[in-house]
Q: 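Please find one structure pasted underneath; my questions will follow.
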2 protein chains.
Amino acid sequence: MSTSAQEGAASPRRRPTIDDVARLAGVGRGTVSRVINGGHNVRPAVRDAVNEAIDALGYSVNQSARNLARGHTGSIAFVISERQERLFEDPNFGLFARTFSRQLRHSGRHLLITSAGDEEEEHFLGDYLTVGHVDGALLALTHDEEPLLPRLQASKLPFVVLGKPLGFEKALSWVAIDDENAAFTVASFLAGKVEGAIGTVTGPLQTSSGLERLDGFRRALGDRYRPDLVATGDWSLHSGRQGTEMLLRNHPGLRGLFIASDLMAVGAIGALRAAGRRVPEDVAVVGFDDSAAATMAEPELTTIRNPIERLAIEALRILDDQIAGRVRSPVQLVLGSELVVRSSA
Amino acid sequence: MSTSAQEGAASPRRRPTIDDVARLAGVGRGTVSRVINGGHNVRPAVRDAVNEAIDALGYSVNQSARNLARGHTGSIAFVISERQERLFEDPNFGLFARTFSRQLRHSGRHLLITSAGDEEEEHFLGDYLTVGHVDGALLALTHDEEPLLPRLQASKLPFVVLGKPLGFEKALSWVAIDDENAAFTVASFLAGKVEGAIGTVTGPLQTSSGLERLDGFRRALGDRYRPDLVATGDWSLHSGRQGTEMLLRNHPGLRGLFIASDLMAVGAIGALRAAGRRVPEDVAVVGFDDSAAATMAEPELTTIRNPIERLAIEALRILDDQIAGRVRSPVQLVLGSELVVRSSA
DNA sequence: ATGAAAGCGCTAACAA
DNA sequence: TTGTTAGCGCTTTCAT
């Protein structure tokens, strides 16, 4: 390989270029380009010669040069704007990431996962995205205050938001589940199961999901809804435990619990058990998400299953429409979820 | 399609280039370049004029062009070669990612997280990495069979492995904790606490960590070590539960348990409780990792805390040495861990 | 089917 | 301090 030094052709330890290949194969530069891009309209014999030269030189394309010439990069960013700790905690992120990767691979593109832990990082990330590193972005946002959104909106980078972006519902493209309806469904199921008081531990109330799941719960309970049986959580297992402890303190006679996420539900069950309550005999519990936690819990959780993969696929489709310029105006899509009945309620 | 001809200044809908800025500001192209790269050696007045033109045009640099001209990209990849599900499960990944991001930001560089779920994706990822998208890579590997390693080794991409790469210990640069010693420490602590039989649920035995933690356990127990009190796990909560159930079936009189990860320890405690054992009164339990699970468990886990952040920082330092060409030969680094005593043992 | 040549937008060396 | 110029390595017409 590096023997090439001596030869009249290549230079010391420089990465071989398309010209080196062309020279070695005795063809023009354009022909090499054709070969590495599918090999169409190239005589088989010539193609083989070129490929030989490529192997001999250990040539691989310079992506920067290709990007520059083509005007795009073939990479899509999956942006997780998550405050610190919880970066890798949300079970849906993994599924989103996997689905995106798989879909993109079909078209020879790559997924880049990026995250922003704080304001400064978010700004830095904005630079990255708007400067042409990627052709488009998929955004998973988790807090309301989103400096990234206006920033990206001002840039011309195509992007789609995962989840309803509060305050930007009309202006941006996004895909989301119908949180309100799903919560209504599972809470109704719970209300039909138990007679007594039913409480809830919500998600963060500054998020669209947190808010709407509470709305759905309230609608399902109707006049059985009691504001004093609402505890606010933050999706974490810990907050599920704490919220439940509080509820239990205030209302020892509690009979049912709608917990806005499975992870929090695991915490809730822990609190229930510590307080000597049996699930579901004394207190019935339902969760939300059908994440891995749902089947690891004891008893297994009755919960809501979301169409994450379909959401991912649709988001990508919308993004590609934007990238290709097929659509100019924002597109929104809401998908329904399904009830999964197990043994916790 | 350079319709740019018409207007004296800007053109229809093309992204403005450095030339547009130069023209509008009435300076040379080089001056604009200087301004956007720190503004050194440029008269303040001129700098302001250029910045004004930049704002007026909404100019931002074309990263591909810059990469091509500079010969590097300013991006580092964090490669998580994780088989499917567990992608976002390992609590350390988040901390690694955050630490890398933060460190890189100090030097104006970006972290790209990429993952490979299966063989095909791993190959595809190899393309990505070796083709000049990034200046270097940090690899978190989780299985032994690693086609990526030889592939990257053959390319000239600088990279550092997180964790000891079995079979490549001498050939590659890597950083890792001293699993054997750490396991010895915590298992010794456990052995000093309880009198009776002590068992273990290990990690996967094809991984260096799984293996060495078992070695450390064995060394700590000495002749109290019993091969029939060893269950093999796979780091998952579920496997911790299963392994413990098995151990309990075979040896109801079990008094202590060394569980090779906190997450598995949570499963183990669940199994113990289901079997009517109290922790630590009946069975003392120690974990490993000091992850979030350690303090969420009831009782809180006595465990081992690993210097993840230092590991990350050192890995990056080694990588940068390689990128800069300051070192040519592989570098290895092993860091010690510390015992954290809580209430599970 | 193939070679030649014109960019893609930027950096950096070189003059001035 | 500043403008000019020569690449960076590839894709893509445009002839042939």
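Within every chain, numbering begins at 1; the chains are lettered A, B, ... in the order of the sequence lines, protein sequences first and strands thereafter. Note that these values count all heavy atoms, side chains included, but never hydrogens, waters or copies made by symmetry.
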Q: Could you walk me through whether S101(A) and E121(B) satisfy the side chain to side chain donor-acceptor pair (under 3.5 Å) test, starting with their C-alpha distance in whole Å, then the side-chain angles of each, then the deciding distance to 0.1 Å, before giving a yes or no?
A: CA-CA 8 Å; S101(A) 279; E121(B) 237 176 58; 4.6 Å; no

Q: With respect to the side chain of I36(B), which nucleotide from dG9(C), dT11(C), dT2(C) is positioned closest?
A: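 Out of dG9(C), dT11(C), dT2(C), the nucleotide with an atom closest to I36(B)'s side chain is dT11(C).
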
Q: Would you please classify the geometry between the H133(A) ring and the Y128(A) ring as parallel, tilted or perpendicular, with 30° and 60° separating the classes?
A: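 Parallel.
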
Q: Considering only side-chain heavy atoms of R34(A), which listed nucleotide, dG9(C), dT11(C), dT2(C), is closest?
A: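 The nucleotide sitting nearest to the side chain is dT2(C).
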
Q: Please give, in whole Å, the distance from dA6(C) P to L68(A) CG?
A: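 It works out to 17 Å between those atoms.
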
Q: Checking all strands, does G30(B) fall into the base, sugar-phosphate, or nothing category for heavy-atom contacts under 4.0 angstrom?
A: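 Base contact.
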
Q: Using a 4.0 Å heavy-atom cut-off across all strands, classify N41(B) as base, sugar-phosphate, or nothing.
A: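 If one applies the 4.0 Å heavy-atom cut-off, N41(B) turns out to touch a base.
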
Q: Using distance alone, with no hydrogens and no angle criterion, decide if S60(B) and R15(B) have a side-chain donor and acceptor under 3.5 Å apart.
A: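 Distance-only check passes for S60(B) and R15(B).
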
Q: Does a side-chain N or O of R66(B) approach OP1 or OP2 of dT11(C) to a distance below 4.0 Å, or not?
A: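 Yes, because at least one side-chain N or O of R66(B) sits under 4.0 Å from OP1 or OP2 of dT11(C).
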
Q: Whole angstroms only, please: what is the NE2-C1' distance between H40(B) and dA12(C)?
A: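 Taking atom C1' of dA12(C) as the reference, NE2 of H40(B) is at 15 Å.
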
Q: Check step by step if salt bridge (Lys or Arg N to Asp or Glu O under 4.0 Å) holds for D320(A) and R317(A).
A: CA-CA 5 Å; D320(A) 280 339; R317(A) 203 181 45 66; over 6 Å; no

Q: Quick check on DNA chain D: between V32(A) and R47(B), whose nearest nucleotide comes earlier from the 5' end?
A: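 Here R47(B) is the residue nearer the 5' end.
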
Q: When you measure from the side-chain N and O atoms of S33(B) to the phosphate of dC10(C), is any distance below 4.0 Å, counting only OP1 and OP2?
A: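 For dC10(C), OP1/OP2 do not have a side-chain N/O of S33(B) under 4.0 Å.
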
Q: Which whole-number value in Å describes the distance from D19(A) CG to dG3(C) C1'?
A: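 Going from CG in D19(A) over to C1' in dG3(C) covers 12 Å.
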
Q: Evaluate the ring planes of F78(B) and F100(B), with Trp represented by its six-membered ring, and classify them as parallel (under 30°), tilted (30 to 60°) or perpendicular (over 60°).
A: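 Taking F100(B) first and then F78(B), their aromatic rings stand perpendicular (interplane angle over 60°).
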
Q: Taking it one step at a time, do R105(B) and E120(A) satisfy salt bridge (Lys or Arg N to Asp or Glu O under 4.0 Å)?
A: CA-CA 10 Å; R105(B) 186 147 43 86; E120(A) 191 188 339; 2.9 Å; yes

Q: Is N67(A) touching bases, backbone alone, or none of the nucleic acid, heavy atoms closer than 4.0 Å?
A: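 No contact.
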
Q: Mind calculating the distance between CZ (R29(B)) and P (dC8(C)) to the nearest angstrom?
A: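 Those two atoms, CZ and P, are 11 Å apart.
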
Q: Sequence neighbours excluded, which residues qualify as side-chain contact (heavy atoms from CB on, under 4.5 Å) partners of V42(A)?
A: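 With neighbours one apart ignored, the set is T31(A), R34(A), V35(A), V46(A), R47(A).
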
Q: Mind checking if V27(A) touches a base, just sugar-phosphate, or nothing, with heavy atoms under 4.0 Å?
A: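 Sugar-phosphate only.
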
Q: What are the bounds, 5' to 3', of the part of DNA chain D that sits under 4.0 Å from heavy atoms of chain A?
A: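 Boundary nucleotides touching chain A, in 5' to 3' order, are dG9(D) to dT13(D).
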
Q: Just the rounded figure in Å: distance from P of dC10(C) to CG of N62(A).
A: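 N62(A) atom CG is separated from dC10(C) atom P by 17 Å.
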
Q: Between A69(A) and R70(B), which residue's closest nucleotide on DNA chain C lies nearer the 5′ terminus?
A: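 Of the two residues, A69(A) wins.
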
